[in-house]
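Since the structure comes first, as structure tokens, the remarks are kept for the end.
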Amino acid sequence: MKILLIEDDDLVADSLARALRGSGYVVDCVGNGTHAETAVKTEPYDAVILDLGLPEMDGLEFLKRIRAKKIGVPVLILTARDSYEERIEGLDCGANDYVTKPFHLGELEARVRALLRLSVSNATAVNVGELTFDTVRRVLRKGDELIELSPREYAVLEILIHNIGSLVTKQKMASLLSDWDASVTFNAIDIIVHRLRKKLEPYGLKLQTIRGLGFLVEP
Ligand code: CA
């Protein structure tokens, strides 16, 4: 699980990043909204922790911009702005959670865990083309007809559906499919994607390969 931490206070950023890394997360830190916008467009983060008072681009402006671009990464606002009006505004701009400073590290980490659960199992069913991706029963169907997928094919499709409309890099795909004991090669991913595409294209689901970059399912 990879987290983008957007915080211009180096002391807060360093200590929070250290704590999160200690809990096993991969953490990237940026200190302003412009760099953060570039980062979320190029890296597949599982969650974003967002300070609001930032140089160049305010945190709320960053949030509005990524939501306008349909970047759906879960965002937790972490800020000293603590009035209820500011909380409402933050959530209405597209944040998934709102924590005020000073914060308790244990609570923040619990909220991050909740956010990450959201990023992997938010919807119970997703419709793509004529197909329904049922995330509760873990099957793909067209109406009542089940479409046979191998576990690996399902896992690849699950990653693509969770990132629908966004590019999934081959590196990201490999890291999500691999565990410490067994890594999945790029070649194996290409073969699975090729098989998936052949199975799904008749149903109108377009699985694009963007050469040298990765894969994309259009919404
Ligand atoms: Ca700040």
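Counting convention: from 1, in listed order, for ligands and their atoms alike.
Annotation for Ala36 and Ile6: closest pair CB-CD1, 3.4 Å, computed over non-hydrogen atoms. A pairwise comparison of heavy atoms in Val75 and Leu115 identifies C-CD2, 4.1 Å as the closest pair.
Between Glu130 and Lys142 there is a salt bridge, since at least one side-chain N of the basic residue sits less than 4.0 Å from a carboxylate O of the acidic one.
Glu7 lies apart from the Ca ion (ligand 1) in this respect, since none of its N, O or S atoms is found at a distance under 3.0 Å.
Atom OD2 is the N/O/S atom of Asp51 found closest to the Ca ion (ligand 1).
Between the OD1 atom of Asp8 and the O atom of Gly53, the angle centred on the Ca ion (ligand 1) amounts to 90° when rounded to 10°.
We find the CG-CG distance between Leu200 and Leu207 to be 7.0 Å, quoted to the nearest 0.5 Å.
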